[in-house]
Asker: 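Could you have a look at this structure, given as structure tokens, before my questions?
When reading the values below, keep in mind they use all heavy atoms of this one structure, side chains included, and skip hydrogens, waters and symmetry mates. Remember, it's a predicted structure, so these values are computed and weren't measured experimentally.
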Amino acid sequence: MLRLASIRTLSRSSLSFGFVAHRAASTVPRPPASSSARAAVYASLFVASTGVFAVYYFDARASFHKYIVTPVIRYTLDPERSHRFAVRALGSGLAPRDPVTDDEVLKVELWGQELSNPIGLAAGFDKNGEAIDGLFNLGFSWVEIGSVTPKPQPGNPKPRVFHLPGDSALINRYGFPSDGHAAVLSRLRARLPSVFAYSPEAEDPLHGAVHASLYPGKLLAVNLGKNKSSPPDSIADFVSGVRTFGPYADALVVNVSSPNTPGLRGMQSRTLLQELLAGVTAARDEITASSAQKHRPRLLLKIAPDLNELEVADIAAAVLATDGVDGVIVSNTTVQRPAGTLDANKAEQGGLSGPPLKPYALATLRTLRGLLPASIPLIGCGGISSGADALEFARAGASAVQLYTSFGYGGVGVPRQVKDELVALLRKEGTTWAQVVQQSVALHSQNVAPDADAMQESNVKLLVQEAEELKRLLDGLGERMEREAGEGVVVAEGAHYVAVTPPSTDS
């Protein structure tokens, strides 16, 4: 009985084991068809949403940048760190872009070259040429890097940048922190291989490019600064900057107006300024003559808004006395603190920019426009944050304008926003930017601009007329003296009276 029970038990166990083993070996887990479809849908949604977000992110017009990205950066980082972050982001190649073609009514001509729009970026944002292409991709027609000093220097002690959010303004006392000529020059050269085949032996530094910007209808400018250690009245740093960057820039800007470098604004005095302008124009003409392509960078002067009318007149006289100055940028930051400035940071030392600067910049531009001929364009800069602001500068006689502080507050969409507002205003008036500029410059400019030959011919005619008039007066005076001498009258000679008697007829 026990043996039979054992056999039965063993048989059941074996059968049971075999049955289980057989089921395990023959069954493959398969997900339901609905699960596979769900995963495919999720993957598709992820790819699509990523694509949509990418399109949205790379469009500089997206509100996401103005209302989320820019405020988060501004409020989570101190002003200088947020500035550095923005420059690096724009220089990364992954920054947003302006996808819209500029409207025809925005076209402007500067020095015989047509730009797609009049909105540029002022110096001070990209100090070392790290984000040039990223900035052009935002729709600026003019990007000005710098100020660049010959030798690297750290600038003034930190903190040195202060937001005034209540006034949408900024105060900085950077003091020209710069990587120096060599480092910035290497970055400008490094841009060339990405578009043109680079060859160190090439006679043309731009390797065939029409503009140093490498973009049609756009200009690249380099703002030239001065080392803090250099003698206050020396022009050597500026001359060095012209020779270094002249072959790689469409325009060179001589900056004698920063309030944060001791003694620099003193170079705006007429005597020093004439010496400076003569030196930099001579250096520019030298590099033009030695260029195989005769590349001639335009030379501009950047002035302060804190000048009185006599000081502005001295600057105009220095510009007129120097053959080869192509324009003036009006203006740099101000050391004044308008009564309407509310933010507590207004007490900080340094240059103020943003809306509080606008009245000073406009007043200086209007004064200077009336002292220079129409052939010398002015670039307006200071407190411009809308299309209406830009148009106001145009009506005052500016040929183009530059943004700075509004770009920092509003983010990457500001250039397009200003341009769209400007287009709406121009179309409402049935005019174009070029027409407004032409009319305003003709109305407000100094009414003297004859060419050299005409001026020389006019001067010769004037001298001949004056000589003939002088001869007529002398002849008349001689006849009168002879007549009065014959009559024996008293004739005045200077402050003395001499009795004149007729000559004796006695032998």
Asker: So which heavy atom on Ala398 is nearest to which on Trp433, and how close?
Answerer: O-CZ2, 4.4 Å

Asker: Take Leu362 and Phe393 through the test side-chain contact (heavy atoms from CB on, under 4.5 Å) and record every step on the way to the result.
Answerer: CA-CA 7 Å; Leu362 264 174; Phe393 271 82; 3.8 Å; yes

Asker: Short question: side chain of Lys218, backbone of Phe136 - any donor-acceptor pair under 3.5 Å?
Answerer: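 At least one qualifying donor-acceptor pair exists.
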
Asker: Check Phe407, Tyr404, Phe140 against Phe125 for a ring-ring contact (aromatic ring centres under 6.0 Å, His included) and give me the one that passes.
Answerer: Phe407

Asker: Using side-chain heavy atoms (C-beta onward) and a distance below 4.5 Å, is Leu219 in contact with Ser213?
Answerer: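 Heavy-atom side-chain distance check fails, nothing below 4.5 Å.
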
Asker: Is Arg61 salt-bridged to Asp420, cutoff N-O under 4.0 Å?
Answerer: no

Asker: Taking the side chain as every heavy atom from C-beta outward, state whether Leu422 and Leu391 have any pair of such atoms under 4.5 Å apart.
Answerer: yes

Asker: Just wondering, more than 12 heavy atoms not from Asp323 lying within 6.0 Å of its CG?
Answerer: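 Atom CG in Asp323 is not crowded, with 12 or fewer foreign heavy atoms closer than 6.0 Å.
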
Asker: Examine distances only and state if a side-chain atom of Thr322 and a backbone atom of Ala318 form a donor-acceptor pair shorter than 3.5 Å.
Answerer: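 Judged by distance alone, yes, a pair lies under 3.5 Å.
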
Asker: Roughly how far, to the nearest 0.5 Å, is the CD1 atom of Ile315 from the CG atom of Leu310?
Answerer: 11.5 Å

Asker: If you take all heavy atoms of Leu185 and Phe245, which pair is closest and at what distance?
Answerer: N-CE2, 3.8 Å

Asker: Among Val161, Ile73, Thr76, exactly one meets side chain to side chain contact (heavy atoms under 4.5 Å, CB included) together with Ser82. Which residue is that?
Answerer: Ile73

Asker: Can you name the nearest heavy-atom pair linking Pro154 to Pro177, along with the distance?
Answerer: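 The answer is O-CB, 3.4 Å.
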
Asker: Is Arg416 reaching over with its side chain to a backbone N or O of Val100, donor-acceptor style, under 3.5 angstrom?
Answerer: yes

Asker: Count the heavy atoms of every other residue, nucleotide or ligand shown that sit under 6.0 Å from CD of Glu309, and state whether that count exceeds 12.
Answerer: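 Counting other residues, nucleotides and ligands, CD of Glu309 stays at 12 neighbours or fewer.
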
Asker: Using a cut-off of 6.0 Å, state whether more than 12 heavy atoms not belonging to Arg81 lie near its atom CZ.
Answerer: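 No - once you tally the heavy atoms of other residues, nucleotides and ligands closer than 6.0 Å, there are 12 at most.
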
Asker: Using a 4.5 Å cut-off on heavy atoms from C-beta on, say whether the side chain of Gln446 contacts that of Leu320.
Answerer: yes

Asker: Would you say His295's side chain and Ala249's backbone share a donor-acceptor pair under 3.5 angstrom?
Answerer: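 Yes, because the side chain of His295 sits within donor-acceptor range (under 3.5 Å) of the backbone of Ala249.
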
Asker: Any salt bridge (charged side-chain N to carboxylate O under 4.0 Å, His left out) involving residues 114-127? Give me the pairs, sequence neighbours left out, ordered by first then second residue.
Answerer: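 Pairs touching residues 114-127 that pass the test: Lys107-Glu114.
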
Asker: Side-chain contact test, heavy atoms from C-beta onward, threshold under 4.5 Å: evaluate it for Arg187 versus Glu130 and give yes or no.
Answerer: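 Yes; the side chains approach each other to less than 4.5 Å.
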
Asker: Check whether Lys226 reaches the backbone of Ser234 with its side chain - one donor and one acceptor, N or O, closer than 3.5 Å.
Answerer: yes

Asker: Hydrogens and angles aside, do Ser386 and Asp389 bring a side-chain donor and acceptor to less than 3.5 Å of each other?
Answerer: yes

Asker: Between the main-chain N or O of Asp326 and the side-chain N or O of Trp111, is there a donor-acceptor pair closer than 3.5 Å?
Answerer: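 It does hold such a pair.
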
Asker: Drop me the distance from Tyr215's OH to Ile132's CD1, to the nearest 0.5 angstrom.
Answerer: 9.5 Å

Asker: Donor-acceptor pair, Tyr409 side chain versus Ala169 backbone, under 3.5 Å?
Answerer: yes

Asker: Do you know which two heavy atoms are closest between Thr405 and Ser168, and how far apart they sit?
Answerer: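 Taking Thr405 first and Ser168 second, the nearest heavy atoms are CG2-O, 3.6 Å.
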
Asker: Does a side-chain heavy-atom distance below 4.5 Å link Thr281 with Val325?
Answerer: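 Heavy-atom side-chain distance check passes, below 4.5 Å.
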
Asker: So Leu220 and His211, do their side chains get closer than 4.5 Å, heavy atoms only?
Answerer: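 Of all side-chain heavy-atom pairs linking Leu220 with His211, none is under 4.5 Å.
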
Asker: Looking at side-chain heavy atoms only, is the closest gap between Gln402 and Ile384 below 4.5 Å?
Answerer: no

Asker: More than 12 foreign heavy atoms under 6.0 Å from CD of Glu80: is that the case here?
Answerer: yes

Asker: Let me see the working for Val148 and Asn128 under side-chain contact (heavy atoms from CB on, under 4.5 Å), right down to the final yes or no.
Answerer: CA-CA 7 Å; Val148 189; Asn128 295 300; 5.6 Å; no

Asker: Sub-3.5 Å donor-acceptor pair from the side chain of Thr244 to the main-chain atoms of Gly241, do we have one?
Answerer: no

Asker: Give, for atom CG of Asp343 and atom CD1 of Ile171, the distance between the pair rounded to the nearest 0.5 Å.
Answerer: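 It comes to 8.0 Å.
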
Asker: Nearest 0.5 Å, what's the SG-CD distance between Cys381 and Glu144?
Answerer: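 So the gap between those two atoms works out to 8.0 Å.
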
Asker: Can we say Asp306 and Arg265 salt-bridge, meaning some charged N sits less than 4.0 Å from an Asp/Glu carboxylate O?
Answerer: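 So Asp306 pairs with Arg265 through a salt bridge.
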
Asker: Judged by atom type as modelled, is there a donor-acceptor pair below 3.5 Å linking the side chain of Asn227 to the main-chain atoms of Ser229?
Answerer: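 Absent.
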
Asker: Let me see the working for Leu357 and Ser331 under side-chain contact (heavy atoms from CB on, under 4.5 Å), right down to the final yes or no.
Answerer: CA-CA 9 Å; Leu357 167 62; Ser331 68; 4.2 Å; yes

Asker: So which atom in Leu138 and which in Pro96 form the shortest heavy-atom distance, rounded to 0.1 Å?
Answerer: CD2-O, 3.3 Å

Asker: Taking side chain to side chain contact (heavy atoms under 4.5 Å, CB included) as the criterion, tell me which of Leu276, Leu307, Val312, Leu301 meets it with Gln268.
Answerer: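 Result: among Leu276, Leu307, Val312, Leu301, Leu307 is the only option passing the side chain to side chain contact (heavy atoms under 4.5 Å, CB included) with Gln268.
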
Asker: May I ask you to say whether Lys346 pairs ionically with Asp167, meaning some side-chain N is under 4.0 Å from a carboxylate O?
Answerer: no

Asker: Taking the side chain from Asp103 and the backbone from Leu106, do they hold a donor-acceptor pair closer than 3.5 Å?
Answerer: no

Asker: Report the distance from atom CG of Leu188 to atom NE2 of His181, rounding to the nearest 0.5 Å.
Answerer: 11.0 Å

Asker: About how many Å separate CD1 of Ile329 and NZ of Lys302, when rounded to the nearest 0.5 Å?
Answerer: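 Taking NZ in Lys302 and CD1 in Ile329, the distance rounds to 5.5 Å.
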
Asker: Is there a side-chain contact between Leu352 and Pro338 (heavy atoms, below 4.5 Å)?
Answerer: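 Side-chain contact under 4.5 Å: yes.
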
Asker: More than 12 foreign heavy atoms under 6.0 Å from CD of Gln349: is that the case here?
Answerer: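 No, CD of Gln349 has 12 or fewer neighbouring heavy atoms, counting only those of other groups under 6.0 Å.
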
Asker: With a 4.0 Å cut-off, would you call Lys419 and Asp102 a salt bridge?
Answerer: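 A salt bridge links Lys419 with Asp102.
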
Asker: Where do Gly387 and Leu425 come nearest, in terms of heavy atoms and distance?
Answerer: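 Residues Gly387 and Leu425, closest heavy atoms: C-CD1, 3.8 Å.
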
Asker: Please assess Leu273 against Asp314 for the test side-chain contact (heavy atoms from CB on, under 4.5 Å), listing each intermediate value before the final yes or no.
Answerer: CA-CA 9 Å; Leu273 187 57; Asp314 278 348; over 6 Å; no

